[in-house]
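Data first, discussion second: the structure below is written as structure tokens.
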Amino acid sequence: MERHPIGNHGTAPSEGAPGRAARPPVAITTAAAARRYVRSFVGERWRSSAGPPTEESMIDLILVVSELVTNAVRHGGGLAGFDVALTSDGVRLDVRDHSTALPVGMHGPGVLPRAHEGRGYGWPLINKLSREVDVHRAASGGKTISVLVPLT
């Protein structure tokens, strides 16, 4: 798995760092910046015998990126980190925030809630569009939400 952390303060590592993205620093402080970065990253680096990702799978990926970052900003006390990695199946995203509160209604991958509970659709969509969803609280505070979004 090729990992490309964007750093603890929302910036991409500089060129030349071993095992890291070869690009100048990119500020990742908003969902829009995260979407642009991930779309570019996948476009430049995705290699599969099945060919490029379908437009539908890219839309799903960008929607998950947007919802994860928006949730970190709105509900998690701000974005603390954003990592992107390619796997043979798709894209792994790790989004860190400053809150230890777990997302409300952790339904499980592929499951949508039976009824809207007035809290929005972001978290259920993340679960529906991601193959794996893990939430880990950090001992030092905050949490990381890790997802695998398939591109095949």
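Residues: numbered from 1 along the sequence shown.
- Side chain of S40 to backbone of R36: no donor-acceptor contact under 3.5 angstrom is found.
- Counting all heavy atoms, side chain and backbone alike, W46 lies closest to P53 at CD1-CD, 3.3 Å.
- Judged purely by atom type and a 3.5 angstrom limit, R137 uses its side chain to pair as donor or acceptor with the backbone of T100.
- With sequence neighbours excluded, the residues satisfying side chain to side chain contact (heavy atoms under 4.5 Å, CB included) with T30 are A32, A33.
- For the residue pair R35 and S66, a side-chain donor N or O sits within less than 3.5 Å of a side-chain acceptor on the partner.
- Residue pairs meeting the salt bridge (Lys or Arg N to Asp or Glu O under 4.0 Å) criterion with at least one member in residues 59-70, sequence neighbours excluded, do not occur.
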Contacts under 3.5 angstrom, residues 138-147 side chains, donor-acceptor by atom type, not counting sequence neighbours:
unit_1: K143; atom_1: NZ; unit_2: D97; atom_2: OD1; d: 3.1
unit_1: K143; atom_1: NZ; unit_2: D97; atom_2: OD2; d: 3.0
unit_1: K143; atom_1: NZ; unit_2: S99; atom_2: O; d: 3.1
unit_1: K143; atom_1: NZ; unit_2: A101; atom_2: O; d: 2.8
unit_1: S146; atom_1: OG; unit_2: D94; atom_2: OD1; d: 2.6

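- Criterion: ILVMFWY side-chain heavy atoms under 4.5 Å apart, direct or through other members. Under it, V42 and L129 are part of a common hydrophobic cluster.
- Taking all atoms of both residues into account, the shortest heavy-atom contact from P150 to R131 is CB-NH2, 3.2 Å.
- Hydrophobic clustering (side-chain heavy atoms under 4.5 Å, transitive across Ile, Leu, Val, Met, Phe, Trp, Tyr) groups L93 together with V135.
- Applying side-chain contact (heavy atoms from CB on, under 4.5 Å) to V69 and the options T29, V38, V64, L79 leaves one that passes, L79.
- Between D83 and R92, none of the side-chain N atoms (NZ, or NE/NH1/NH2) sits under 4.0 Å from a carboxylate O, so this pair counts as no salt bridge.
- A continuous path of hydrophobic side-chain contacts links M58 to F82 [ILVMFWY only; heavy atoms under 4.5 Å].
- Using a 4.5 Å heavy-atom threshold, the side chains of S48 and L151 count as separate.
- Using a 4.5 Å heavy-atom cutoff, the side chains of V84 and V65 are not in contact.
- The side-chain heavy atoms of F41 and L86, taken from C-beta on, include a pair separated by under 4.5 Å.
- For R74, the side chain to side chain contact (heavy atoms under 4.5 Å, CB included) test picks out T70, with sequence neighbours left out.
- With sequence neighbours excluded, the residues forming a side-chain hydrogen bond (donor to acceptor under 3.5 Å, both in side chains) with T54 are S57, listed by chain and number.
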